[in-house]
Amino acid sequence: MSAPALLAIETSCDETAAAVVDENLHVLSSVVSSQIDLHADFGGVVPEIAGRAHVELLEPVVQEALALAGRSPGNPQIEAVAVTAGPGLVGSLLVGLSGAKAMAFVWGVPFLGINHLEGHLFAAQLEADDLVAPYVTLLVSGGHTMLIAVDGPGQYRLMGETIDDAAGEAYDKVARYCGLGYPGGPAIDELAGQGDPTALRFPRAMKNDGLNFSFSGLKTSVVRAMQKDPTLVIADVAASFQGAVVDVLVTKSMRAVDEIDATAIVLGGGVAANSALRAGMEAAAQERGIVCALPSLSMCTDNAAMIAAAAWHRLRTSGGDDLALGANPSLKLELEPMA
Ligand code: KG4
Ligand code: ZN
């Protein structure tokens, strides 16, 4: 008989995902069904379509995750069911929550509602379990850009965040303007490889000022430059835009590292898949002699293994949640104040 495992579900946005981890936090399976094709024609995620697609995909995705993990549904092979409770699109969150609650109830096992952002914080740790606190995590996704001091599992201090657009949002908006489709990050990343990052000098807002970020002016500068000169080479625009984003993200991350004397810089969130950001961060970390933990590409973007990792820790510290727990589209990370 196999030791009990934990099943996790993630449906906060446009990926339907399920994963199973064992009692030693080894990932036995991680299945992600992307809805990108369903939303591409609309230039972004359509909440109504996302919710309906989750309803159709949840059961087969969970069944596949269980089968790949070699576990049969229910007690005693599954010891708990976890799910993202927020932040995210409310209709999408509700599909995952209802499914997870039903399974936990019928199987008679604990139910856990997990913060999606905490999942991203755990993603790198799944692959780099030798990280030593304190370290800094740069969480860069479509909805968030945050610098977080991590003092241990569940112990987070917010050091800085965006005051307007998230980095991924800036990528998506610039890509839409350039006609590169959705999601914009991977498209700009690829195109930037063929362009000259010094062709255009875009602003680096607040680069020399503290640990907060601002990306909305950069997006506006890109649009203005293209309106002013329609003959600009798109690859040069992409490379120059990406150069500005990466410059600010790396500079501020190293400032945060210096501030708390961190042992490592850890990346998380969809934008952490960006090739220039990964290379720039690795070079800066090497210069300082600190560890640079880069999650594999599939662990950067939304997945359920990261939700399972956060749940695995919580199950062993504070246990499960009440089945009355609701979806919270604007759920915040529980943060401690900076000293
Ligand atoms: O973490 P994630 O999958 O979903 C959220 O929680 O937001 O992040 C999605 C974001 C999108 O804005 C997407 O354009 C961006 O991550 N992204 C990238 C890359 N791959 C995904 N941005 C820049 N370069 C990439 N290679
Ligand atoms: Zn995410």
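First listed ligand is number 1; within each ligand, the first listed atom is number 1. Along the sequence shown, residues are numbered consecutively beginning with 1.
Using a non-hydrogen distance threshold of 4.0 Å, Cys13 does not register as a contact of ligand 1. Residue Gln242 places every heavy atom at 4.0 Å or more from ligand 1.
Residue Tyr171 places no N or O, backbone or side chain, under 3.5 Å from any N or O of ligand 1.
Rounding to the nearest 0.5 Å gives a distance of 10.5 Å between NZ of Lys228 and CZ of Arg224.
Interface atoms of ligand 1 facing Gly143, defined by a heavy-atom separation under 4.0 Å, are 7 (O). With ligand atoms numbered from 1 in the order given, ligand 1 contributes 3 (O) to contacts under 4.0 Å with heavy atoms of Thr301.
Side-chain N/O atoms of Ser216 and Asp165 include no donor and acceptor closer than 3.5 Å. A donor-acceptor contact under 3.5 angstrom links the side chains of Thr16 and His54, judged on distance only. In the model, Ser296 has a side-chain atom that pairs as donor or acceptor with a side-chain atom of Glu127 under 3.5 Å.
A salt bridge links Glu79 to Arg316: at least one charged side-chain nitrogen sits closer than 4.0 Å to a carboxylate oxygen. With respect to Arg278 and Glu282, no salt bridge is recorded, no charged nitrogen being found less than 4.0 Å from a carboxylate O. Between Arg52 and Glu48 there is a salt bridge, since at least one side-chain N of the basic residue sits less than 4.0 Å from a carboxylate O of the acidic one.
The heavy atom nearest to atom 20 (N) of ligand 1, considering only Ala192, Ser34, Pro183, Gly270, is found in Gly270.
Considering just the N/O/S atoms of Asp302, the one nearest the Zn ion (ligand 2) carries the name OD1.
A distance of 6.0 Å or more separates the ring centres of Phe111 and Phe105.
Contact annotation: for Asn274 versus ligand 1, heavy atoms closer than 4.0 Å belong to both the backbone and the side chain. With a 4.0 Å cut-off on non-hydrogen atoms, His116 touches ligand 1 through its side chain and not its backbone.
Shortest contact from atom 22 (N) of ligand 1 to any protein heavy atom: Gly185 CA, 3.2 Å. The protein non-hydrogen atom at the shortest distance from atom 10 (C) of ligand 1 is Gly142 N, 3.5 Å. Among protein heavy atoms, the minimum distance from atom 14 (O) of ligand 1 is reached at Asp172 OD1, 2.7 Å.
Backbone or side-chain N, O or S atoms of His120 reach the Zn ion (ligand 2) at under 2.8 Å.
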